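Quick caveat, the model's predicted, so the values are computed rather than measured. Residues take their numbers from the sequence shown, with the count starting at 1.
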Amino acid sequence: MPEQMSTHQRSALSQLAPGEQLLTFGLVVPAKSAQGVKMNYHGHGKLGGKLGDHLVQSVGAESAGAGSIASGMPETSGGLLLRITDQRIGLVRPLDGTPVWEVPRSWAARVERRPRLQLMARFRLHYADGSWLAFLTMRRRTIETFKDVIGG
């Protein structure tokens, strides 16, 4: 009996070019758009939550000078699928596979695992021009899979 395909898998496979091969995918949240990552500092939950949101969104979310590869990523909100194929790498909507942002696969240089913030595992996707974007994911294994495909 054939295995049922998940919504995320269908989305990752949607809109591929003829002959294009899906290498891997995973649910991520771009760090610069992350909301609700809370840090509780000794009873100062409200202030800590605001500080946590600010830190995740601004400190170390991207290194994207004008005209860099990373600067081309549009503002987003919520979770997206990071899809890596043999031809391109990019973000697609998890429910319908609509591309949000994609670049040629050769533009991705490496994946760097970063210190964990609360429940979310954090990583940076480095591009060939030296720019990078930070992402959060629920599973460290997702990061390891990206490293296996892109390099680390």
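- For the pair Leu91 and Pro30, the tightest heavy-atom approach, listed with the atom from each and the gap, is CD1-CG, 4.5 Å.
- A salt bridge does not link Glu112 with Lys147: none of the charged nitrogens is closer than 4.0 Å to a carboxylate oxygen.
- Looking only at distances, no side-chain donor or acceptor of Thr85 sits under 3.5 Å from a matching main-chain atom of Leu22.
- The shortest heavy-atom contact between Gln87 and Ala17 is OE1-CB, 4.2 Å.
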Please lay out, stage by stage, how Thr24 and Phe146 fare under the test side chain to side chain contact (heavy atoms under 4.5 Å, CB included). CA-CA 7 Å; Thr24 191; Phe146 292 156; 3.8 Å; yes

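- Within 6.0 Å of the CZ atom in Arg141, the count of heavy atoms belonging to other residues, nucleotides or ligands does not exceed 12.
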Could you go through Thr142 and Leu27, starting from their C-alpha distance and side-chain angles, then the distance that decides it, and tell me whether this counts as side chain to side chain contact (heavy atoms under 4.5 Å, CB included)? CA-CA 8 Å; Thr142 300; Leu27 191 61; over 6 Å; no

Apply the test side chain to side chain contact (heavy atoms under 4.5 Å, CB included) to residues Val28 and Leu81: give CA-CA distance (whole Å), side-chain angles for both, the deciding distance (0.1 Å), then the verdict. CA-CA 6 Å; Val28 301; Leu81 290 178; over 6 Å; no

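- Side chain of Asp86 to backbone of Glu20: no donor-acceptor contact under 3.5 angstrom is found.
- If you chain together hydrophobic residues whose side chains sit under 4.5 Å apart, Met5 and Leu95 never meet in one group.
- Atom CG of Asp129 is separated from atom CD1 of Ile69 by 4.0 Å, given to the nearest 0.5 angstrom.
- Between atom CZ of residue Arg83 and atom CZ of residue Arg105 there is a gap of 14.0 Å, rounded to the nearest 0.5 Å.
- Going from atom CG of Leu125 over to atom CG of Leu82 covers 6.5 Å, rounded to the nearest 0.5 Å.
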Test log, rule side chain to side chain contact (heavy atoms under 4.5 Å, CB included), inputs Val92 and Glu102: CA-CA 8 Å; Val92 299; Glu102 295 180 310; 4.2 Å; yes

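- The aromatic rings of Trp101 and Tyr127 sit perpendicular, their planes meeting at an angle over 60°, well past the 30° parallel limit.
- Between the CG atom in Leu23 and the CD1 atom in Ile150 there is a gap of 9.0 Å [rounded to 0.5 Å].
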